[in-house]
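Below is one structure; the comments refer to it alone.
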Amino acid sequence: SVGAGPEISAIGVTREERPESPPRDVVVTGRTSTSVMISWLSPELPNGVIILYKVYITYVDCPGSTSSTEFVNNGNSFVILGLSPYQMVQVQVSASTSVGEG
């Protein structure tokens with residue numbers, strides 16, 4: 001007799017990649033005259049499991065004079081203490097999977 005042969009099925013898993021989009025809704029809130037809190041939401045397109053965030057801080061002392069610091073964090077907020085009174089800061093946040101920073 002003629003009939004269909006045995007079925008074969010396969011399962012595949014996509015690879016984790018670097019995040020395709022940045023963290024969303026980054027907010028810097030002054031807590032005291034010498035501290036700020038930075039908060040954010042996870043990337044819309046994480047391309048895997050986010051294992052850490054990097055917070056880049058640029059301290060703006062006067063026009064044309066800046067210095068930067070990088071902090072590693074695994075949560076969705078970060079507090080910077082010990083700033084000069086009323087220090088202006090510029091903030092960038094990036095997300096990383098096990099493949100790398102996006």
Side-chain angles (χ1 to χ4, degrees):
S1 86
V2 178
E7 287 187 21
I8 298 177
S9 64
I11 297 175
V13 177
T14 59
R15 289 183 17 179
E16 185 170 67
E17 295 292 334
R18 291 184 171 131
E20 195 172 319
S21 63
R24 299 172 291 139
D25 300 334
V26 176
V27 175
V28 180
T29 306
R31 293 173 49 110
T32 69
S33 64
T34 59
S35 68
V36 295
M37 180 172 167
I38 303 154
S39 60
W40 58 88
L41 297 177
S42 299
E44 194 169 307
L45 302 169
N47 282 346
V49 177
I50 301 298
I51 59 170
L52 63 87
Y53 292 93
K54 288 187 180 177
V55 180
Y56 298 93
I57 308 295
T58 301
Y59 305 94
V60 183
D61 294 324
C62 61
S65 174
T66 61
S67 62
S68 295
T69 305
E70 173 186 319
F71 298 95
V72 176
N73 189 29
N74 60 2
N76 286 72
S77 66
F78 188 78
V79 175
I80 301 174
L81 303 170
L83 296 170
S84 297
Y86 309 108
Q87 173 75 54
M88 183 183 296
V89 295
Q90 184 177 32
V91 176
Q92 291 181 317
V93 181
S94 69
S96 296
T97 64
S98 62
V99 176
E101 186 175 2

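- Side-chain heavy atoms closer than 4.5 Å link hydrophobic residues (I, L, V, M, F, W, Y) into clusters, and following such links, possibly through other members, connects Val26 to Val36.
- In this structure, Gly75 and Tyr53 approach most closely via the heavy-atom pair O-CD1, 3.2 Å.
- Side-chain atoms of Asn47 and Pro19, non-hydrogen and from C-beta on, never get closer than 4.5 Å to each other.
- Contact of the Ser35 side chain with the Leu83 side chain is not registered, since no non-hydrogen atoms from C-beta on lie closer than 4.5 Å.
- Counting heavy atoms of neighbouring residues, nucleotides and ligands inside a 6.0 Å radius, atom CD of Gln87 exceeds 12 of them.
- By the 4.5 Å heavy-atom criterion applied to side chains, Ile57 and Ile80 are counted as neighbours.
- For Glu16, the CD atom counts as densely surrounded, since its 6.0 Å shell holds more than 12 non-hydrogen atoms of other residues, nucleotides or ligands.
- In this structure a side-chain-to-backbone donor-acceptor pair under 3.5 Å is present from Arg24 to Ser42.
- Interatomic distance, Glu101 CD to Ile51 CD1, rounded to the nearest 0.5 Å: 10.5 Å.
- Under a hydrophobic-cluster definition in which Ile, Leu, Val, Met, Phe, Trp and Tyr are linked whenever side-chain heavy atoms come within less than 4.5 Å, directly or via other members, Phe78 and Val28 are assigned to the same cluster.
- Val49 and Val99 sit in two unconnected hydrophobic clusters of ILVMFWY residues. Membership requires side-chain heavy atoms under 4.5 Å apart, directly or through other members.
- When side chains are defined from C-beta on, Thr97 counts as touching Ile50, because their heavy atoms get closer than 4.5 Å.
- Taken from CD in Glu20 to CD in Glu44, the straight-line distance is 10.0 Å, to the nearest 0.5 Å.
- Side-chain N or O atoms of Ser39 include none that pairs as donor or acceptor with a backbone N or O of Ser77 at under 3.5 Å.
- A side-chain donor-acceptor contact under 3.5 Å links Ser21 to the backbone of Leu45.
- The distance from the CG atom of Leu52 to the OG atom of Ser96 is 4.5 Å, given to the nearest 0.5 Å.
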